[in-house]
Protein chains: 2
Amino acid sequence: MPSIGDPDLRDEDKQIVRSLNLFRDMDAERFDDLLNAAFLQRFPERVILINEGEPSDFLHIVIDGCVELFATLDGRESTMTVLTPVSTFILAAVLKDAVYLMSARTRTASRILMIPAKNVRQAMADDDAFARSIVTELANCYRGVVRNQKNLKLRTSVERLASYLAHQHIRQGANGKLTLPIDKKTLASMLGMTPENLSRSFSTLRRAGVTVTGPEVAVESQDELKEIARHAPLIDNFPDKPAE
Amino acid sequence: MPSIGDPDLRDEDKQIVRSLNLFRDMDAERFDDLLNAAFLQRFPERVILINEGEPSDFLHIVIDGCVELFATLDGRESTMTVLTPVSTFILAAVLKDAVYLMSARTRTASRILMIPAKNVRQAMADDDAFARSIVTELANCYRGVVRNQKNLKLRTSVERLASYLAHQHIRQGANGKLTLPIDKKTLASMLGMTPENLSRSFSTLRRAGVTVTGPEVAVESQDELKEIARHAPLIDNFPDKPAE
DNA sequence: GGCCTGCCTTGATAAATGTCAAGACTTCAA
DNA sequence: TTGAAGTCTTGACATTTATCAAGGCAGGCC
């Protein structure tokens, strides 16, 4: 049976997807079937991938580039999260065959693997190992949002920024400097504040040894940042080591 | 094999648990085993059931009464949600064998069914139908917190209150009145504001035909409430019909 | 170069929200 | 009954956050 998917999906990409926890334990043949039904699409920057409220047609996976999930109400907009390779998104909507609750747009030019929702649901029905991997994936997603909600409800803006900076600092090697991976307008929205307020929060943190130069941030003391943030492992989920 | 669980778990209670989506499709014998290992505990009001940070020993199910999930940071506290019968809670922590991210306390005297976490995980490993029910349950939980986060980030306090009142109004029969199911201090925390601010938000809504007398709320126009809330189906998830 | 445009910052001001304090009221138990 | 404790409301005020406006600065384009 010929593939209906994009032939541009290289073996290398398949291996990357296969290495995700979500797909690792899946039956090999079924995995191939799933990917053969999938499309690998290239998108330029700032392209809307998903509008909230639409029925969920595809499970999306960022192979390359950067994707922002956001939500709107009337004229307002809020960034929910920013995804880097390799991550899946809107899995819950796909499984429930429900409408998307969040919108998605590319931030940079990106390659997105799109697996038809029907196939994903069928694979879950047929493949017991896959069903259990989905459980783990969803439990992780759920706990992620719970942490986020605690962050929003229990911390002030400056504390959220301090926590974010400490997180990035660790992630990027904990050597006194970090580069903001996203522009400040988006960062502000993600942290639940306005861009103006983010600027002011940065200047508040100057007295704690934080110096900002464009996207570059110098950090004098990670511990002081954590103290300002009132660091709590049950909110922050900092990595142990830098991301590779 | 004799039951190690509480003999007080009546058949009637078993049927109630069995009727939950989470357990409905489970193998019958396995379901019995699971409940035989469980404890049905009675707790007085205001008793801590779970402290965040503790390892997850049991899946909890509110059979009777009322349970609040909350989170703390330093001296601060925030109500995450309030659970009524019959609901499970902290499923994600149990499945991941991770620490609880939220604390739980009874609000009223309650009966809680506690299923040892090990047994739940074993049941998920052994029972394919159960694993798939868990997927659905977790997907629902995930989408619930996403809605909540949108509510927090995209709405003001007054809008959140208006939305809450509209929700309760529908739930309770949409006949111009409703009874607040929880005290105002907790409601305020759940809606992300202080009790003083909740009071003021209520008076702001007076001009929209909302009259408060203790826990009783008279609503002149549900539509006006929804308009004030900037009602959006992708945030609110209002019920179609009153809860029975 | 010159001129956009968009991003970011800063200041002034407004609005939203939180804090403190006081008092009315209820509940509960001595 | 009385007192104590807790809840809720209200007012005064402080803080936080948002909005509006202006200007600096960098990158892209003619």
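A quick note: this is a predicted structure, and the numbers were derived from the prediction, not measured. The figures that follow rest on heavy atoms only: side chains count, while hydrogens, waters and symmetry mates do not. Protein chains get the first letters and strands the later ones, always in sequence-line order, with residue 1 at the start of each.
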Handout entry: Candidate pair B:Arg230 and B:Glu159, rule salt bridge (charged side-chain N to carboxylate O under 4.0 Å, His left out), full reasoning
Key = CA-CA 7 Å; B:Arg230 295 161 187 262; B:Glu159 289 166 5; 3.0 Å; yes

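Atom C1' of nucleotide C:dT17 and atom CD of B:Glu159 are separated by 14 Å, given to the nearest angstrom. The separation between B:Met193 atom CE and D:dT9 atom C1' is 15 Å, rounded to whole Å. Here D:dT7 presents its P atom at 11 Å from CD of B:Glu45, a figure rounded to the nearest Å. In this entry the distance linking CZ of B:Arg200 with P of C:dT17 reads 12 Å, nearest Å. Between the C1' atom of D:dA26 and the CG atom of A:Asp183 lies a distance of 15 Å, rounded to the nearest Å. Between the CG atom of B:Leu198 and the C1' atom of C:dA16 there is a distance of 15 Å, given to the nearest Å. Rounded to an integer number of Å, the gap from CZ of B:Arg76 to P of C:dT19 is 9 Å. Protein atom CG of A:Leu161 is 14 Å distant from nucleotide atom P of C:dC8, rounded to whole Å.
For the residue pair A:Glu137 / A:Thr88, a side-chain donor-acceptor distance below 3.5 Å is found, with atom types taken as modelled.
With hydrogens and angles ignored, the 3.5 Å screen pairs no side-chain donor or acceptor of B:Thr108 with any backbone N or O of B:Gly65.
Listed pair B:Asn197 / C:dG18 meets the phosphate criterion, a side-chain N or O lying under 4.0 Å from OP1 or OP2. Using a 4.0 Å cut-off, no side-chain N or O of A:Thr156 falls inside it from OP1 or OP2 of D:dT16. Checking the phosphate oxygens (OP1, OP2) of D:dC8, no side-chain nitrogen or oxygen of B:Ser199 falls inside 4.0 Å. The side chain of A:Lys185 contributes no N or O atom lying less than 4.0 Å from OP1 or OP2 of C:dG6.
Ionic pairing of B:Glu12 and B:Arg111 is not present here: no N-O contact between side-chain nitrogen and carboxylate oxygen is shorter than 4.0 angstrom.
Every residue two or more places apart in sequence or in another chain that forms a side-chain hydrogen bond (donor to acceptor under 3.5 Å, both in side chains) with B:Gln222 is listed here: B:His169.
Side-chain atoms of B:Glu196 stay outside donor-acceptor range of the base of D:dC8, with no qualifying N/O pair under 3.5 Å.
Each of B:Lys184 and A:Arg155 lies near DNA chain D, and the nucleotide nearest B:Lys184 is the one positioned closer to the 5' end.
Checking D:dT17, C:dT10, D:dT7 against every side-chain atom of B:Arg46, the shortest atom distance belongs to D:dT7.
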